[in-house]
Amino acid sequence: MLTFGKKISMLCKEKGWSQTELAKKLNTSVSVISRYERDEMTPSIEAAKKLADLLNSTVGYLLGETEESNIFKDPDMLRRFNDIKSFAENEKEQILFTLDAMIHEIKNRRTYAVK
């Protein structure tokens, strides 16, 4: 699993940004970015949010809560999650039960598919 610093470094490389460019965008110094990348320092919550936005990622990804860098950046998925969140508890349970069953079925098909 990649560390916070490695993820920042990797996402910057994907954008073609140097530490200097990221530092300017984050309104901080190059030495702070360097310390983040070496995992010698962690940013404040506000700085982590701004980093995630700048790098088109999420705080959850940067902090290791998920391995997907932009899973919640998909507007269609986010809209669906927000819709589900607004439903009554029993309706949420029904939707999640059905969704879990479908996910399980698809994984089984992939596992047992003849290649």
Side-chain angles (χ1 to χ4, degrees):
M1 185 165 91
L2 295 174
T3 65
F4 178 85
K6 299 282 188 244
K7 288 176 182 177
I8 290 173
S9 178
M10 180 188 69
L11 291 169
C12 280
K13 284 179 185 169
E14 286 177 7
K15 289 190 164 288
W17 293 351
S18 66
Q19 287 182 342
T20 303
E21 289 170 300
L22 181 60
K24 285 180 186 174
K25 292 176 188 300
L26 195 58
N27 197 26
T28 192
S29 68
V30 175
S31 65
V32 167
I33 300 300
S34 179
R35 291 180 69 199
Y36 288 163
E37 288 186 0
R38 291 191 314 264
D39 293 304
E40 293 176 353
M41 184 174 142
T42 55
S44 68
I45 293 170
E46 288 305 313
K49 287 179 184 178
K50 191 168 181 182
L51 272 168
D53 286 342
L54 287 169
L55 297 171
N56 197 31
S57 186
T58 64
V59 174
Y61 171 72
L62 294 177
L63 297 178
E65 292 175 348
T66 179
E67 289 304 308
E68 294 291 327
S69 65
N70 58 5
I71 192 166
F72 291 110
K73 295 283 185 173
D74 180 335
D76 291 330
M77 292 301 289
L78 198 52
R79 178 185 47 78
R80 287 179 177 111
F81 285 128
N82 283 324
D83 285 346
I84 292 169
K85 184 179 178 194
S86 71
F87 297 154
E89 199 60 37
N90 66 325
E91 294 168 327
K92 286 183 206 176
E93 288 175 14
Q94 291 171 349
I95 290 168
L96 295 176
F97 178 83
T98 303
L99 184 59
D100 287 343
M102 293 175 76
I103 290 169
H104 181 72
E105 176 65 22
I106 290 168
K107 285 182 177 180
N108 279 342
R109 285 185 205 163
R110 288 181 180 174
T111 300
Y112 299 112
V114 177
K115 295 177 182 169

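Just so we're clear, the structure is a prediction, and the values are computed from it rather than from any experiment.
- Counting only N and O atoms by type, the side chains of Asp100 and His104 include no donor and acceptor under 3.5 Å apart.
- With rounding to the nearest 0.5 angstrom, the CD atom of Gln19 is 12.5 Å from the CZ atom of Arg35.
- The number of heavy-atom neighbours closer than 6.0 Å to CD1 of Ile45, taken from other residues, nucleotides and ligands shown, is 12 or below.
- The environment of Lys92 atom NZ is dense: over 12 non-hydrogen atoms of other residues, nucleotides or ligands sit within 6.0 angstrom.
- Once rounded to the nearest 0.5 Å, the distance linking SG of Cys12 with CG of Leu54 reads 9.0 Å.
- Here the straight-line distance linking atom CG of Leu2 with atom OH of Tyr61 works out to 5.5 Å at 0.5 Å rounding.
- For the atom pair OG1 of Thr3 and CE of Met10, the computed distance is 10.0 Å after rounding to the nearest 0.5 Å.
- Interatomic distance, Thr42 OG1 to Phe4 CZ, rounded to the nearest 0.5 Å: 7.5 Å.
- Nearest approach of Leu51 to Pro43, heavy atoms of both residues: CD1-CG, 4.2 Å.
- A donor-acceptor pair under 3.5 Å is formed between the side chain of Glu21 and the backbone N or O of Ser18.
- Atom OG of Ser9 sits about 11.5 Å away from atom CZ of Arg38, to the nearest 0.5 Å.
- The nearest pair of heavy atoms linking Ala47 to Leu26 is O-CD1, 4.1 Å.
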Q. Stepwise, does the side chain to side chain contact (heavy atoms under 4.5 Å, CB included) test hold for Ile8 with Leu22?
A. CA-CA 10 Å; Ile8 290 173; Leu22 181 60; 3.8 Å; yes
Q | Worked check of side chain to side chain contact (heavy atoms under 4.5 Å, CB included) between Leu62 and Tyr36 | A | CA-CA 11 Å; Leu62 294 177; Tyr36 288 163; over 6 Å; no
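- Within 6.0 Å of NZ in Lys15 there are more than 12 heavy atoms belonging to other residues, nucleotides or ligands.
- Checked for salt-bridge contact, Glu46 and Lys49 meet the test: a charged N lies under 4.0 Å from a carboxylate O.
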**Q.** Stepwise side chain to side chain contact (heavy atoms under 4.5 Å, CB included) check, Trp17 with Lys25
**A.** CA-CA 10 Å; Trp17 293 351; Lys25 292 176 188 300; 3.4 Å; yes
